[in-house]
Amino acid sequence: MALTVNTGVESHPAIDVLCINTEHGTVDFQFMGDGGSGVSFMSHPLSVEADGEKTLNQILAEIAAASVADIETNAE
């Protein structure tokens with residue numbers, strides 16, 4: 001069972017967090033929903049310096065926003 005996060009973006013409305021990999025310091029996820037279902041598996045690096053004071057919800061919101069921005073930029 002994955003943790004689903006709403007991205008707030010119509011083209012890629014949600015990501016499913018598949019794993020928080022503490023050994024490798026990544027959050028692994030894929031996009032789900034309208035046309036984005038399983039489109040890509042991605043990893044986002046985590047670090048104590050950048051993420052140590054944030055809640056899990058804050059980290060996941062930033063991952064969703066950054067990933068959707070990357071997809072939209074690459075599509076142009």
Side-chain angles (χ1 to χ4, degrees):
M1 178 178 200
L3 173 65
T4 301
V5 179
N6 183 359
T7 65
V9 176
E10 187 176 331
S11 63
H12 296 81
I15 60 173
D16 275 352
V17 176
L18 305 172
C19 173
I20 297 176
N21 188 331
T22 55
E23 183 178 337
H24 293 113
T26 61
V27 174
D28 302 334
F29 60 95
Q30 67 183 3
F31 284 96
M32 303 302 293
D34 299 340
S37 184
V39 166
S40 58
F41 170 81
M42 304 175 86
S43 290
H44 178 81
L46 293 175
S47 72
V48 173
E49 295 81 20
D51 303 309
E53 298 295 319
K54 296 175 187 170
T55 67
L56 179 58
N57 285 342
Q58 289 170 324
I59 293 168
L60 295 177
E62 289 177 7
I63 290 169
S67 299
V68 169
D70 285 347
I71 287 172
E72 291 176 344
T73 299
N74 291 334
E76 294 173 356

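Worth knowing before you read on, the calculation uses all heavy atoms, side chains too, and leaves out hydrogens, waters and symmetry mates.
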(Q) Please check this pair: side chain of D16 against backbone of L18, looking for a donor-acceptor N/O pair closer than 3.5 Å. (A) no

Q.
My understanding is that only residues two or more places apart in sequence, or in another chain, count here; which of them pass side chain to side chain contact (heavy atoms under 4.5 Å, CB included) with I20?
A. V17, V27, L46, L56

**Q.** Where at least one partner belongs to residues 47-69, residue pairs that pass salt bridge (charged side-chain N to carboxylate O under 4.0 Å, His left out), sequence neighbours excluded
**A.** D51-K54, K54-E62

**Q.** Side-chain H-bond candidate by donor/acceptor type, N57 with T55, under 3.5 Å
**A.** no

